[in-house]
Amino acid sequence: MAETDKRQKAEYDLLKSMAILMVIGIHMMDVVELVPAGDLKAFHLHEVIRNLLLTSNGLFFMISGRFLLERYDGQIGRSYWKRFVKIGIPVLAVSLFYYVYVYGWGWGDLGPHWKTFAKDLLQSHIQGYLWFVYALTGFYLAVPFLARMFAGMGRREKAVLMALTIGYFFVQDVYQIFHLEMALTSYPFYSWVFYCILGYLIDSLELSGGGRRAFLLAGLGAFIVSVWEICFWEKENPALHDYSATMIFMTTAVYLTATVYWKRFADRLSKCISFIGRRSFYIYLMHGLTQSVIAGRLAGYLPDGLKGWGCWLALSLLSFGMALGIGCILELCYRPVSARLLGLRLETRGARI
């Protein structure tokens, strides 16, 4: 597959923008009352929409892995340092902010509580949605070795790897659904790591039009199956929202829709989309703050409280806009620091570091 431009293509920025908006929508479901007590149909609708929005988790892993694997330059230490500067330091800073501001501590109180802070940080107890960064850390460590492995693999080997892995996920689904003892426990890609390599595999296979349509149909079929599971099936699939085969196909279908079929749309709005995509990580880090502000301040001003799908959509967009505003400030402030730490010169306006 040809080397991509230094600047990330617009369709992937579109995908990042979609994914972060979906994440905010999922978390806003905890703020807005969408299921009246005893209303089974409303509950089913809530769960179906939530399951669809949860493809955002896999999409973030796919985008992250796709470019890290392709652009790895063979320098292990440099690769690790770059991830620490771009991801680790912002996460540490935001975690400290939540401890000091959100939990009501004064800056002078941090000293006596630094052990508690360190303990909660290591366990991802500060903000629940930061689990994504912790899950991604293991993949960051593996990138230098996975990149070399994939560089030596042919198209057929990659296709077989993807098919075998999806099949393995399906077998594990069966184990969990029927409460069987999970004996097949040693497959290295049975984790979020598979989503991290999935975007790279999909793109490097250079699928034909028929192949892409097959994945889209598989994603549609998987969505229908998941709706049936939620609404009608008496059994429960514990992996429905993450490690299920249906979620893999749904996520892949969304990935292909945005990167292939919406490419022209992304190109037309490339400046706007790139502006959002460049700050998507900061939006992700800070959307918990905007959500808590919205939940705490707006409920008293609305006559019926925070209820209904219209309210949910409006508040999700509001949270997105607020987090984007904060993200712009954070990105502007941290960009020169990041550049200095990485030993790079600041590039021209609008270019990435």
Side-chain angles (χ1 to χ4, degrees), residues 14-60 98 102 127-132 219-220 222-234 236-237 240-242 244 246-247 250-251 253-254 257-258 262 265 269 272-273 276-277 279-280 282-328:
L14 172 62
L15 195 58
K16 285 164 60 175
S17 303
M18 288 170 50
I20 190 60
L21 185 55
M22 291 162 73
V23 167
I24 291 174
I26 292 168
H27 294 159
M28 196 57 66
M29 284 180 161
D30 298 328
V31 174
V32 181
E33 183 181 334
L34 299 171
V35 183
D39 192 333
L40 187 60
K41 289 184 178 179
F43 173 74
H44 285 160
L45 176 63
H46 177 278
E47 290 302 294
V48 167
I49 293 177
R50 179 170 175 267
N51 190 54
L52 182 61
L53 293 177
L54 280 169
T55 58
S56 57
N57 290 333
L59 292 174
F60 273 126
Y98 277 117
V102 176
Q127 272 291 356
Y129 59 78
L130 291 178
W131 72 267
F132 168 77
L220 177 60
F223 175 68
I224 293 172
V225 170
S226 67
V227 170
W228 174 75
E229 287 186 72
I230 292 169
C231 298
F232 304 107
W233 206 27
E234 294 182 358
E236 180 183 358
N237 182 358
L240 180 67
H241 302 310
D242 43 42
S244 67
T246 52
M247 182 55 73
M250 287 166 56
T251 303
V254 176
T257 298
W262 290 355
F265 171 76
L269 299 177
C272 176
I273 292 170
I276 297 172
R279 295 158 178 84
S280 60
Y282 297 101
I283 298 173
Y284 165 79
L285 290 178
M286 299 308 301
H287 79 273
L289 175 63
T290 64
Q291 178 180 317
S292 65
V293 170
I294 289 172
R297 300 292 177 86
L298 290 184
Y301 294 98
L302 298 178
D304 296 325
L306 305 180
K307 298 181 180 179
W309 288 102
C311 181
W312 166 79
L313 179 59
L315 294 184
S316 296
L317 293 173
L318 177 60
S319 180
F320 178 83
M322 292 170 62
L324 175 60
I326 298 173
C328 290

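What you see below is based on every heavy atom in this structure, not just the backbone, and it leaves out hydrogens, waters and symmetry mates.
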Run the side chain to side chain contact (heavy atoms under 4.5 Å, CB included) test against [X] and tell me which residues pass, sequence neighbours left out.
X    : answer
F265 : L14, L269
W228 : F232, W233
A222 : T246, F249, M250
T251 : T55, L59, M62, Y195, M247

Checking F43 now: which residues fulfil ring pair (Phe, Tyr, Trp, His ring centres under 6.0 Å) with it, not counting sequence neighbours? none
Residues in ring pair (Phe, Tyr, Trp, His ring centres under 6.0 Å) contact with F132, at least two apart in sequence or another chain: F60, F61, Y284
Pair listing, side chain to side chain donor-acceptor pair (under 3.5 Å) test, anchored in residues 31-49, at least two apart: none
State, yes or no, whether a side-chain contact exists between [X] and [Y] at a heavy-atom distance under 4.5 Å.
X    : Y    : value
Y129 : Q291 : no
I283 : I276 : yes
V48  : F223 : yes

Below 3.5 Å, can you tabulate the donor-acceptor pairs from side chains in residues 313-324 to any protein atom, sequence neighbours excluded?
| from | atom 1 | to | atom 2 | distance (Å) |
| --- | --- | --- | --- | --- |
| S316 | OG | W312 | O | 2.8 |
| S319 | OG | T290 | OG1 | 2.7 |

Scan for salt bridge (charged side-chain N to carboxylate O under 4.0 Å, His left out) pairs involving residues 307-318, sequence neighbours excluded, and state none if there are none. none
S17: side chain to side chain donor-acceptor pair (under 3.5 Å) partners, not counting sequence neighbours: none
Results of side chain to side chain donor-acceptor pair (under 3.5 Å) for N57 - residues two or more places apart only: none
